[in-house]
Amino acid sequence: MAEKLMVVISSYLLMTVYNLAKTKKIELRDKIAYGVTVIVSIYLGIEYVGDLGMPILHDIAAWLYKGLGRSITRYLDVAS
């Protein structure tokens with residue numbers, strides 16, 4: 001676990017140092033997109049380090065779009 005934690009912390013430190021000067025020059029929309037990406041990566045980093053069994057993004061997307069996927073499949077089965 002210590003190795004995983006060191007990898008995640010060093011990755012975030014490098015990313016922060018590299019992007020610190022560049023984030024001042026970008027537009028608000030890009031800052032929001034960057035923030036969302038960082039939040040998602042922090043969530044995945046916690047999951048990676050802790051092996052917590054939390055739902056990962058694939059599980060969340062599968063849960064959200066399960067009904068839509070079934071509807072599309074039924075529509076395509078009837079049409080063919």
Side-chain angles (χ1 to χ4, degrees):
M1 183 168 148
E3 298 89 11
K4 290 181 179 180
L5 187 60
M6 288 175 53
V7 167
V8 170
I9 289 175
S10 63
S11 297
Y12 281 111
L13 284 175
L14 289 172
M15 180 181 69
T16 302
V17 168
Y18 179 76
N19 290 324
L20 199 57
K22 296 183 180 212
T23 56
K24 294 177 183 175
K25 300 175 185 175
I26 60 176
E27 296 179 19
L28 178 64
R29 182 182 66 181
D30 296 331
K31 286 182 183 180
I32 291 171
Y34 179 74
V36 169
T37 304
V38 169
I39 289 170
V40 168
S41 70
I42 289 172
Y43 174 80
L44 292 174
I46 291 170
E47 168 61 29
Y48 172 71
V49 170
D51 244 350
L52 303 175
M54 299 181 334
I56 57 173
L57 297 176
H58 181 287
D59 297 333
I60 294 170
W63 177 75
L64 282 174
Y65 297 114
K66 186 187 324 179
L68 178 63
R70 286 184 183 151
S71 299
I72 291 171
T73 304
R74 271 188 264 131
Y75 174 75
L76 293 175
D77 285 342
V78 171
S80 58

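Any value given below was found using the heavy atoms of this structure, including those in side chains, with hydrogens, waters and symmetry copies removed.
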**Message:** Are Leu13 and Met15 connected into the same hydrophobic cluster when the rule is that any two of I, L, V, M, F, W, Y join if their side-chain heavy atoms are below 4.5 Å apart?
**Reply:** yes
Which side-chain N or O atoms in residues 26-42 pair as donor and acceptor under 3.5 Å with protein atoms at least two apart or in another chain?
residue	atom	partner	partner atom	Å
Tyr34	OH	Asn19	ND2	3.1
Thr37	OG1	Ala33	O	2.8
Ser41	OG	Tyr12	OH	3.0
Ser41	OG	Thr37	O	3.4
Ser41	OG	Val38	O	2.8

**Prompt:** Trp63, Leu68: one ILVMFWY side-chain cluster at the under-4.5 Å cut-off?
**Reply:** yes
**Request:** Identify, with sequence neighbours excluded, every residue that meets side-chain hydrogen bond (donor to acceptor under 3.5 Å, both in side chains) alongside Tyr65.
**Result:** none
**Request:** Taking all heavy atoms of Val8 and all of Val49, pick out the closest pair and write down the distance.
**Result:** CG2-CG2, 3.5 Å
**From Ile72 atom CD1 to Arg70 atom CZ, the distance as rounded to the nearest 0.5 Å** = 13.0 Å
**Asked** Can you tell me how far the CD1 atom of Ile46 sits from the CG atom of Leu5, to the nearest 0.5 Å?
**Response** 10.5 Å
